[in-house]
J.: 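Once you've had a glance at the structure underneath, I'll fire off some questions.
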Amino acid sequence: ETGVTQSPTHLIKTRGQQVTLRCSSQSGHNTVSWYQQALGQGPQFIFQYYREEENGRGNFPPRFSGLQFPNYSSELNVNALELDDSALYLCASSAGLAGLQETQYFGPGTRLLVL
Amino acid sequence: DAKTTQPTSMDCAEGRAANLPCNHSTISGNEYVYWYRQIHSQGPQYIIHGLKNNETNEMASLIITEDRKSSTLILPHATLRDTAVYYCIVRVGDTDKLIFGTGTRLQVFP
């Protein structure tokens with residue numbers, strides 16, 4: 001059984017650019033959640049995807065968008081990057097039906113730096 | 001969403017038990033208590049969760065008070081590798097998002 005993987009591990013972008021981050025969920029998991037973690041803070045929920053549909057969203061603007069693919073892997077897209085978007089982006093996968101208590105397992109994260 | 005309160009930091013000697021407290025006085029009947037830890041700049045690692053009863057697994061024990069307003073995570077024999085930020089999270093039964101606070105920074109010293 002493979003764990004959650006994310007790519008790339010590190011990324012440097014400039015303000016105004018667009019970025020795509022990728023996540024492969026753990027084997028057997030059909031739900032993916034994305035979190036943003038600024039330096040010194042706890043992770044903040046961005047949104048969740050269950051079977052290719054968005055299933056809940058945190059307090060993030062529309063320039064944060066996502067996709068989930070039939071194999072349950074996922075992408076996080078951020079348009080018009082701002083300096084405050086510099087953070088560790090975490091993906092977590094879980095199994096079972098959305099809305100039920102299923103443990104989320106996190107990947108190692110992608111560290112994004114916006115200059 | 002229910003909130004949790006944890007001490008900012010704690011120290012523990014290697015080999016001793018680490019007891020990490022968490023207050024969740026506004027917890028509701030269907031809300032679970034989850035614990036994760038995060039070792040420097042890595043993804044959070046799941047430790048344990050519970051609803052009403054005490055729980056134990058290979059990593060830790062979770063003690064939840066009878067009124068469910070507080071809980072304690074116990075690492076029975078702390079090692080240097082247990083140095084991390086520990087997050088106590090109250091998770092609503094019908095949602096799937098985790099709401100993290102700032103956690104407790106546990107430093108295990110030799």
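In this text the structure is predicted, and so the values were computed from the model without any measurement. So you know, we letter chains A, B, ... as the sequences are listed, proteins then strands, and number each from 1.
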J.: Under a single-linkage definition using a 4.5 Å side-chain heavy-atom cutoff for Ile, Leu, Val, Met, Phe, Trp and Tyr, are A:Leu11 and A:Val4 assigned to the same hydrophobic cluster?
T.: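 Cluster IDs for A:Leu11 and A:Val4 differ.
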J.: Counting the benzene-type ring for Trp, do B:Tyr36 and A:Phe106 have ring centres under 6.0 Å apart?
T.: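 Yes.
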J.: Contact between A:Tyr35 and B:Phe100 at the side-chain level, heavy atoms closer than 4.5 Å - yes or no?
T.: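 They are in contact (side-chain heavy atoms under 4.5 Å apart), so the answer is yes.
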J.: Establish whether A:Leu76 and A:Val32 are linked, either directly or via other cluster members, by ILVMFWY side-chain heavy-atom contacts under 4.5 Å.
T.: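 They do share one cluster, since a chain of ILVMFWY contacts under 4.5 Å joins A:Leu76 to A:Val32.
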J.: Would you name the heavy atoms of B:Gly43 and A:Leu90 that are closest together and state the gap between them?
T.: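 What the structure gives for the nearest pair is CA-CD2, 3.7 Å.
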J.: Give the cluster check for B:Leu51 versus B:Ile74: same hydrophobic cluster or not, with ILVMFWY residues linked at side-chain heavy-atom distances below 4.5 Å.
T.: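 The answer is no; the residues belong to distinct hydrophobic clusters.
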J.: Can you tell me how far the CD atom of A:Gln48 sits from the CG atom of B:Leu98, to the nearest 0.5 Å?
T.: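 Here the interatomic distance stands at 9.0 Å.
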J.: Are B:Tyr87 and A:Pro43 side-chain neighbours, meaning at least one heavy-atom pair lies under 4.5 Å?
T.: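 B:Tyr87 vs A:Pro43: side chains touch.
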J.: Kindly write out the residues that satisfy salt bridge (charged side-chain N to carboxylate O under 4.0 Å, His left out) with A:Arg63, not counting sequence neighbours, or none if the list is empty.
T.: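 If we apply the salt bridge (charged side-chain N to carboxylate O under 4.0 Å, His left out) test to A:Arg63, skipping adjacent residues, the hits are A:Glu82, A:Asp85.
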J.: Answer yes or no: does atom CG of A:Asn71 have more than 12 heavy-atom neighbours from other residues, nucleotides or ligands under 6.0 Å?
T.: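 Atom CG in A:Asn71 is crowded, with more than 12 foreign heavy atoms closer than 6.0 Å.
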J.: Rounded to the nearest 0.5 Å, what's the gap from CD on A:Gln104 to OH on B:Tyr46? Could you check?
T.: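 One gets 12.0 Å once the value is rounded to the nearest 0.5 Å.
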J.: Please report the C-alpha distance between B:Gln38 and A:Leu88 in whole Å, then the side-chain angles of each, then the deciding distance to 0.1 Å, and finally whether the side chain to side chain contact (heavy atoms under 4.5 Å, CB included) criterion is met.
T.: CA-CA 12 Å; B:Gln38 189 171 26; A:Leu88 181 67; 4.1 Å; yes
J.: With hydrophobic residues grouped by side-chain heavy-atom distances under 4.5 Å, do B:Tyr86 and B:Ile63 end up in a single group?
T.: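 No, no single cluster joins them.
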J.: To the nearest 0.5 Å, how far apart are OH in B:Tyr32 and OG1 in A:Thr103?
T.: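 Here the rounded value is 10.0 Å.
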J.: Among A:Pro108, A:Gly58, A:Gly109, who wins on heavy-atom pairs under 4.5 Å with chain B?
T.: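 Of the options given, most contacts go to A:Pro108.
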J.: Could you state whether A:Phe45 and A:Leu21 fall into the same hydrophobic cluster, counting links through intermediate Ile, Leu, Val, Met, Phe, Trp or Tyr residues with side-chain heavy atoms under 4.5 angstrom apart?
T.: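 A:Phe45 does not cluster with A:Leu21.
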J.: Check whether A:Gln6 gets within reach of chain B through its side chain, its backbone, both or neither, counting any heavy atom under 4.5 Å.
T.: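 Answer is neither: A:Gln6 stays 4.5 Å or more from chain B.
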